[in-house]
Amino acid sequence: MNQARDKVTGEIIDAESLKHLYEDGLSEYECIDEKCKIKLLPCSYKPTNKNRPYFKTYKGDNHKKTCQFSLYLKLLEKARKRALTNYELEDMPFPTKFQRLKQIDTTNITSKTDDLGQEQSRKSAVRRKASGEFVEVLNKSKVVASISPIVDFYLKCPYNRNTELEIENESMLYRYWFKRIEKPISKGNYKGKRIFFGRLHAGENKITETEDFMDITLYECEGWKSGSRQKLPKQQINPFIVRINKTIISKNKLSRIKNEIGYVIEEKKNAFKNDEANKKKAFIFFLGEAPKAEDPYVFNVLEGALVSRYTQILPTKN
Ligand SMILES: [Zn+2]
C-alpha cells in the first residue's frame, strides 16, 4: 500500500514521505478506511533502502471485510483487463479532484450515514461519468492533494479514463488531462495545463540543478547526432526539459522527487540486470504548463507536482 493514516495526527501519509519522516522519528500508522483502521507497518524507509517505501499489514492481520481502501486496490487489479462498472466504482475512493493541501477544507468525505457530509460532498465535487448521452452523477467525492493516486488510476484503468477529474477549477475527462510528451514537437501541440508524461534517461546526470531550478532532461528529443569523436555517446538534439522551480517548494518535497526518480531508475536497472522481458519504462508524470513560444522545449512543473513510475502505459480503451 502506498498510503496510510498517521494514528497520532490523523493525517494521510504517502509512503514516499516515509524516508523524511524517518529522520524525525516515525509514528504509528493505520489503514485510511475509517471503519477498518487496521495497523500498518512502514517498510523500506531507511536512507540505505534503494526501493520505494510502502506499507504492509502485520503478519496474520487482514483488512476488515468492508474496508473500502483494500477493496479499491483489489478492484484496480481487474481494471487493466476490463472496464469497471459504475456500480463497482460507486463507493470507491478513486480521485475526482486535485487540490493543493492549503486549499482543502473537507477531504475524504466518506461517511454515508452523515447527512451533512453527503450534502457537502454533493456541493464540493460531484463525480460525473459520461456514458452515451447521459451523465450520471455519483454522490461521492475524493479530493487528493497529490497527483500520485490520480496517476495510478490513469495507469491502472485504461477502460475507465472517461471519468471526470477536476484540477484547480477545471474539469475534464482523465483521458484529456493526460498528455504524452513526444517528438516531433509539432505533433505534440502542447497547450495549457495538463498532466504531462515522458521517459527518463537511465543516468542521473541528466538532472541538473542551479540555485533556483532543477531541470530533468527527458529521453524524448527531436533527434540524435553522433558524438564529435568516434565511440562517444550520441547527443540529443533539442531534448524536452522538465523544469522545477525550487524556490516555491520545500526541501523535503524536492528530495522526495529526487528519491522517487532514483527508485524507478533502480527498478529499471534491476529488470535489465535480471533480463526481465517487459514493456515497462521509467516515466515521470507532472502537472505542468505547456512550453512557451520563447522556450519551446521546456515544461514548467506546477509546485513540484511530479511523480515517477516504472510502468507500461496501456492505450486508452474507451
Ligand atoms: Zn483497511
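Counting convention: from 1, in listed order, for ligands and their atoms alike.
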**Prompt:** For the residue pair Y219 and W224, is the inter-centroid distance of their aromatic rings smaller than 6.0 Å?
**Reply:**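 Centroid separation for Y219 and W224: below 6.0 Å.
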Can the positive tip of [X] be found less than 6.0 Å from the middle of the six-membered ring of [Y], inside 45° of the ring normal?
| X | Y | result |
| --- | --- | --- |
| K179 | F196 | no |
| R161 | Y154 | yes |
| R52 | Y263 | no |

**Prompt:** Leaving waters out, which protein N, O or S atoms fall under 2.8 Å from the Zn ion (ligand 1)?
**Reply:**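 Only C31 SG, C36 SG, H63 ND1, C67 SG fall inside 2.8 Å of the Zn ion (ligand 1).
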**N62: partners by side-chain contact (heavy atoms from CB on, under 4.5 Å), with sequence neighbours left out** =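 With neighbours one apart ignored, the set is empty.
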**Prompt:** Is K191 paired with E289 through a side-chain N to carboxylate O contact shorter than 4.0 Å?
**Reply:**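 Result for this pair is no, no salt bridge flagged.
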